[in-house]
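For reference, the structure discussed in these notes is given below.
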Amino acid sequence: MKNRISLGISLLFAMATNVMGQTLTTESDIIDCGLIQFRTPKTIEVKLKNPSSKQVTIREIRNGCGCTKTKVSKKNIGSRKTTTLKIEYDAKQLGHFTRHIEVYTKHDDVPLIIQLQGVVVTEIKDYSTTYPYEIGQIRTDKDVVEFDDVCRGEKPVQTINILNTTGTAIEPVVMHLPEYILAEVSPVRIMPEEGGEIRLTLLTEKLRDLGLSQTSIYLGKNMGEKVSAEKEIPVSAVLLPSVEGNANKETLPEIILSAKEIKVSNMAGKKGKKKGEITIQNTGKGMLEISSLQMFTSGMQVSLAKSNLKPMEATTLKINVDEEELRQQKTRPRILMITNDPKNPKVVIEVK
């Protein structure tokens, strides 16, 4: 018995040593192919990375069965470089599948094992209308969440409908939640081609400042996933000031803008750098206070000559736009002002 235990420990140590010495790595050893149509080959690309300080050469790739074909872009991978492994899966059987690909190099006896999994179905349904966005391999009906015009003490709710189009059951998780957002996922476990929802509740009493608060949350298929850009959902909230109901009309300000939207194509400038101006005037009888000036997206710079305007006084809002950066934004480009005008506590300028 003692000899058997010693032998078992030796084998485990040898296996661990080989795995630790693996010269090629992938972002994930398990590749979810999602839903694949019956008798329609699907190609999956996997990046193989050489993290070592020496060149690595692939000597052999073994496919798990005749239903898979593989091709690598280059067999000699330099230090810190990558190569692309293309795997074609010919879906000849319906239902769930799991296949393994073994990648051997000249430096390792133990292969890098890549596992493919998914579901072969008779028909791939088009969900582009009801679930137009894909966030971390989960289809959704929203890719941005906006809580507009909320007041302190309210608890508004936004719902994101989700659909599992992967090849396995998932347990969605919302990551990087700030203290002022509560997330609930229902149901907890979602099977392939089944849907669910995420309820996001805004806890306004935990918002620190009036005006715009922005953050990003991330949607993962399962607990423990890494945060990445393709899983991002931008979230914004606009907290309005309380309005005094019995204010004297003779002392109230009134904000007037020369325009409530500005088109980038009409702005001055060249090579993607544009400039524009909007005139802001106080036509009321009290002092106008602009307490907050914010932007919903990056790609813009704004400046205000004066934030406090006497009756009939005017000022200029200057807007600088980087067109290339603006195109990359998910949310609509807008400028937000919070004022003490009871009729217009929130002023939004659209940048189109």
Q: Could you tell me whether Lys47 and Glu27 make a salt bridge, using a distance below 4.0 angstrom between a side-chain N and a carboxylate O?
A: no
Residue pairs meeting side-chain hydrogen bond (donor to acceptor under 3.5 Å, both in side chains), one or both in residues 148-161, sequence neighbours left out, come to Asp141-Asn161, Lys142-Gln158, Asp149-Lys346
Which donor-acceptor pairs under 3.5 Å do side chains of residues 257-272 form with protein atoms, sequence neighbours excluded?
from   : atom 1 : to     : atom 2 : distance (Å)
Ser258 : OG     : Thr279 : N      : 2.9
Glu261 : OE1    : Lys352 : NZ     : 3.1

Across all chains, not counting sequence neighbours, the disulfide (SG to SG under 2.5 Å) partners of Cys67 are Cys65
Residues 125-228 vs disulfide bond (SG atoms under 2.5 Å apart), sequence neighbours excluded, gives none
The salt bridge (charged side-chain N to carboxylate O under 4.0 Å, His left out) partners of Arg62 (sequence neighbours excluded) come to Glu60
Exercise. For side chain to side chain contact (heavy atoms under 4.5 Å, CB included), just list the numbers for Ile233 and Thr140, CA-CA rounded to whole Å, side-chain angles, deciding distance to a tenth of an Å, and then say yes or no.
Key: CA-CA 11 Å; Ile233 302 176; Thr140 69; 5.8 Å; no
Applied to residues 70-83, the salt bridge (charged side-chain N to carboxylate O under 4.0 Å, His left out) test, sequence neighbours excluded, yields none
Tabulate below the donor-acceptor pairs under 3.5 Å that side-chain atoms of residues 185-202 make, not counting sequence neighbours, or state none.
from   : atom 1 : to     : atom 2 : distance (Å)
Arg189 : NH1    : Glu171 : OE2    : 3.4
Glu193 : OE2    : Tyr127 : OH     : 3.2

So side-chain hydrogen bond (donor to acceptor under 3.5 Å, both in side chains) across residues 227-240, not counting sequence neighbours, yields Ser216-Glu232, Glu225-Lys231, Ser228-Glu230
- Task: Go through the steps to decide whether Leu317 and Ile349 satisfy the test side chain to side chain contact (heavy atoms under 4.5 Å, CB included), and finish with yes or no.
- Result: CA-CA 11 Å; Leu317 174 67; Ile349 300 171; 3.5 Å; yes
Please table the atom pairs, donor to acceptor, closer than 3.5 Å between any side-chain atom in residues 175-183 and protein atoms at least two apart or in another chain.
none

**Study point:** Intermediate values then yes/no, side chain to side chain contact (heavy atoms under 4.5 Å, CB included), Leu309 and Gln281
**Key:** CA-CA 8 Å; Leu309 299 179; Gln281 186 175 20; 5.9 Å; no
Can you give me every donor-acceptor pair (side chain of residues 110-123, partner residue at least two apart or in another chain, under 3.5 Å) with its distance?
from   : atom 1 : to     : atom 2 : distance (Å)
Gln115 : OE1    : His100 : NE2    : 3.2
Gln115 : NE2    : Gln117 : OE1    : 3.2

What donor-acceptor contacts under 3.5 angstrom involve side-chain atoms of residues 37-46, with partners at least two apart or in another chain?
from  : atom 1 : to    : atom 2 : distance (Å)
Thr40 : OG1    : Phe38 : O      : 3.4
Lys42 : NZ     : Cys33 : O      : 2.7

Residue pairs passing the side-chain hydrogen bond (donor to acceptor under 3.5 Å, both in side chains) test with at least one member in residues 294-306, sequence neighbours excluded, are Ser292-Gln294, Ser298-Glu325, Ser298-Gln329, Lys306-Glu313
